[in-house]
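Positions are given from 1 along the sequence.
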Amino acid sequence: MAKVELKNLTKTYPDGVTAVKDVTITIEDKEFVVLVGPSGCGKTTTLRMVAGLEEITSGEILIDRKLVNNVHPKDRDIAMVFQNYALYPHMTVYKNMAFGLMLRGVSKQEIDKRVREAGEILGLTDYLNAKPRVLSGGQRQRVAVGRAIVRNPKVFLFDEPLSNLDAKMRVQMRAEISKLHHQLKATIIYVTHDQIEAMTMGDRIVVMNNGTVQQVGTPLELYHKPANKFVAGFIGSPPMNMIEGIIVVKNEKMYFTDTHNIEIIVPENLEEPIKTYINKKIVLGIRPEDFIINQNQVLQKGLSISADVEVVEPMGSEMNLYLNTGKNIITVKLKLTNEPPIGKPFIVNIDNGKIHFFDPISEQTII
Ligand code: ATP
């Protein structure tokens, strides 16, 4: 298998759109790295440059320390799995998997061995003689993966492979691809716009926006220590609440206030970096799951928010509440047994150790 290095990778299309700007990432041997970001952020373009399907405007791509900028796609020892499966409808599952190897002149015996092995790994043994049209979406996607596996490539590239599957099948295939990664011990670069897919599958995640890398880290690093407001808002569901306000000092204590009815005490460990924001604008970030039930419904200074209940979404084990403070709508996720009445005030507490602050201009996390 192989290490993949992207160095200052940039892509400007002929129409002048710069889709990828100065991207530098190292994907270690056998690592599963997910590129995630909203539509149009440049993740597919990045993947296609690695595959050799898109010309590089500037920068370098190295596979196993070898510069591959000018190496033909078929000589890069890479296999790519696409969103639309791209199976040949008139060929059987067996032939679909075997075809690429036949073109490469691999012996019939070796092809048979590899196709049967891949069929075994992917649970397709009983379908080897079937045509794609009789298969479910998930099975077709497995054939597409099988076609990549039989090539025994250095690197696997996946471009939104689960987008065409229904929600249940997506969850199942997610687990299957993770399992496959452990079985094959392969280097994988996986593109998705779905942050849950990224969080559940990646060893590390690269969050992209507007063609640039926002942060690279393990799923939990991105969740607990987002580098900026974009990453904080993109990772996690429902998204982090962002509340604009200022920092004030009362009785020698620092508080965040939205200048309406929210007043939250700044935790001690953040007092030092927050000092420079006294009487200045700042953004407070708090995840829906970082609120605490206020059992007695009594306001606690610096810790509670009181707001009207607008919408209640019972999720089974938890409830999502949408609360209107008069200035902000905040999303709160709580393990409540009874639904609070709509339109009535409801008091929640903030888990103060879990709040984040962002600079309103640079949008960087203040630490
Ligand atoms: P999606 O999830 O929608 O595929 P993405 O993050 O993969 O998005 P890209 O497909 O890499 O993003 O596109 C990045 C930017 O480059 C977009 O603004 C897109 O419109 C533009 N782009 C992509 N392909 C071309 C092309 N062939 N010619 C011109 N511009 C392109």
Can S178 and E176 be counted as having a side-chain donor-acceptor contact under 3.5 angstrom?
no

E55 CD: over 12 foreign heavy atoms closer than 6.0 Å:
no

Can you check salt bridge (charged side-chain N to carboxylate O under 4.0 Å, His left out) on R116 and E120, steps first, answer last?
CA-CA 6 Å; R116 288 185 192 284; E120 187 79 21; over 6 Å; no

Donor on one side chain, acceptor on other, T192 and K43, under 3.5 Å
no

Under 3.5 Å, is there a donor-acceptor pair between the side chain of R48 and the main chain of E54?
no

Please confirm whether K11 makes a cation-pi placement over Y13, using NZ or CZ under 6.0 Å from the six-membered ring centre and within 45° of the ring normal.
yes

Show your reasoning for whether side-chain hydrogen bond (donor to acceptor under 3.5 Å, both in side chains) applies to T57 and T10.
CA-CA 6 Å; T57 307; T10 295; over 6 Å; no

Would you kindly say whether D159 and Y190 are connected by a side-chain donor-acceptor distance under 3.5 Å?
no

Would E31 and R204 count as a salt bridge (charged side-chain N to carboxylate O under 4.0 Å, His left out) here? Give the steps.
CA-CA 8 Å; E31 197 179 19; R204 279 190 308 151; 2.5 Å; yes

Is there side-chain contact between D203 and H181, with at least one heavy-atom pair below 4.5 Å?
yes

Rounded distance [0.5 Å steps], CD1 in I149 versus CG in L184
5.0 Å

Please report the interatomic distance CG(L87) to NZ(K95), rounded to the nearest 0.5 Å.
14.0 Å

Show the numbers, then the answer: is there a salt bridge (charged side-chain N to carboxylate O under 4.0 Å, His left out) between E271 and K253?
CA-CA 9 Å; E271 277 179 0; K253 288 239 170 277; 5.0 Å; no

Under 3.5 Å, is there a donor-acceptor pair linking the side chains of N228 and E363?
no

Any side-chain heavy atom of F256 sitting closer than 4.5 Å to one from I246?
no

Polar side chain donor-acceptor pair, Y94 to D112, under 3.5 angstrom
yes

Carefully, step by step, assess R65 and E5 under the rule salt bridge (charged side-chain N to carboxylate O under 4.0 Å, His left out).
CA-CA 8 Å; R65 297 203 173 79; E5 294 163 85; 5.2 Å; no

Would K301 pass as a cation-pi partner of Y255, given that its NZ or CZ must be under 6.0 Å from the six-membered ring centre and within 45 degrees of the axis?
yes

Does the pair Y322 and E313 meet the rule for a side-chain hydrogen bond (donor to acceptor under 3.5 Å, both in side chains), with working shown?
CA-CA 8 Å; Y322 297 87; E313 287 177 351; 3.2 Å; yes

Any cation-pi pair here, R142 with Y85, using under 6.0 Å and within 45°?
no

For Q300 and N349, test the side chains for any donor-to-acceptor distance below 3.5 angstrom and give the result as yes or no.
yes

Side-chain contact, heavy-atom cut-off 4.5 Å: D308 with L323?
no

Show the numbers, then the answer: is there a side-chain hydrogen bond (donor to acceptor under 3.5 Å, both in side chains) between E28 and T26?
CA-CA 6 Å; E28 298 295 340; T26 300; 5.5 Å; no

